[in-house]
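Just so you know, these numbers use all the heavy atoms, side chains as well, and skip hydrogens, waters and symmetry mates. All values reported here derive from a predicted model rather than from experimental measurement.
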Amino acid sequence: MEKLAIHLALHGVLILTAGALAGLFLWQSIVKNTNREDWHLLHASSTSRGIMLIALAAIIHLPALPSWQITMLAWLIIYFVWTSVLAMLIRAMTGETGFTLAGSPANKVVHILYVTGTITLFPGLLLLAIGLFKALAL
């Protein structure tokens, strides 16, 4: 579990770094009065997602699950974090929201990243919840 915790913490730090860099672009967009909402979304969301991964690193040893399920839940959540951050980065750079699978190639990529990330998040969280409930029962 220690290696998995290190992976989670490392990905959390990388995402926090992306959020900090997005904050610089947010500042630039505020000064230039351009596209600040999308940069704010990226900055705030990356920060919260990075903290979430670091918090998960601290508790990843707690769920009462087989190690393969704990590993799966961690990587499902890591996948969600990276896909959503990449989608928000493309959105901030292009203005494409990705709300539908139509339009420009950038819009389609944003949509696919959001959808695939969201789909992986729920099984990861479900496994985490099951493992924590089982740990309570022990």
Hydrophobic cluster membership, with links at side-chain heavy-atom distances under 4.5 Å among I/L/V/M/F/W/Y: are L62 and L65 in one? yes
What distance do S84 atom OG and L89 atom CG have between them, rounded to the nearest 0.5 Å? 11.5 Å
Sequence neighbours left out, what passes salt bridge (charged side-chain N to carboxylate O under 4.0 Å, His left out) with R49? Give chain and number order. none
Quick one: closest heavy-atom pair of L42 and M88, and the distance? CD1-CB, 3.7 Å
Would you say T71 and W68 make side-chain contact, with heavy atoms under 4.5 Å? no
Do L125 and L73 touch side chain to side chain, with heavy atoms closer than 4.5 Å? no
Test of understanding: with ring-ring contact (aromatic ring centres under 6.0 Å, His included), list the residues that count as partners of Y79, not counting sequence neighbours. none
Please answer: with hydrophobic residues joined when any side-chain heavy atoms are less than 4.5 Å apart, are M52 and I60 in the same cluster? yes
Run the side-chain donor-acceptor check on residues 3-20: report pairs under 3.5 Å with partners two or more places apart or on a different chain.
{"unit_1": "H11", "atom_1": "ND1", "unit_2": "W82", "atom_2": "NE1", "d": "2.8"}
{"unit_1": "T17", "atom_1": "OG1", "unit_2": "V13", "atom_2": "O", "d": "2.8"}

Looking at every non-hydrogen atom in both residues, tell me the closest pair between A22 and W39 and how far apart they are. O-CE3, 4.2 Å
Taking all non-hydrogen atoms of both residues, which atom of K108 and which atom of G103 are closest, and how far apart? CE-O, 3.4 Å
Do M72 and L127 have side chains that get closer than 4.5 Å, going by heavy atoms? yes
Counting only heavy atoms not in Y114, do more than 12 sit closer than 6.0 Å to its OH atom? yes
Heavy atoms of F80 and T118 approach each other most closely as CD1-N, 4.3 Å
Linked, directly or transitively: W75 and I59 (ILVMFWY side chains, under 4.5 Å): yes
Distance, nearest 0.5 Å, that separates CG of D38 from CD of E96: 10.5 Å
Kindly compute the distance separating CD (Q28) from CG (N33), expressed to the nearest 0.5 Å. 13.0 Å
Check: P66 and Q69 side chains under 4.5 Å, non-hydrogen atoms: yes
Test F133 against I130 for side chain to side chain contact (heavy atoms under 4.5 Å, CB included), laying out the working first. CA-CA 5 Å; F133 276 121; I130 289 168; 5.8 Å; no
All heavy atoms of V110 vs all of R91, minimum pair found to be CG2-N, 4.1 Å
Nearest non-hydrogen partners of P63 and I70, listed with the distance: O-CD1, 3.6 Å
Rounded at 0.5 Å granularity, tell me how far CD1 in I90 sits from CG in N107. 10.5 Å
Nearest 0.5 Å please: distance from the CG atom of L126 over to the CG atom of L76. 10.5 Å
Out of the candidates L113, V81, V109, only one should pair with L86 under the side-chain contact (heavy atoms from CB on, under 4.5 Å) rule; please name it. L113
Residue M93 excluded, over 12 heavy atoms near CE under 6.0 Å: no
For the CG atom of N35 and the CG atom of L26, what is their distance to the nearest 0.5 Å? 10.0 Å
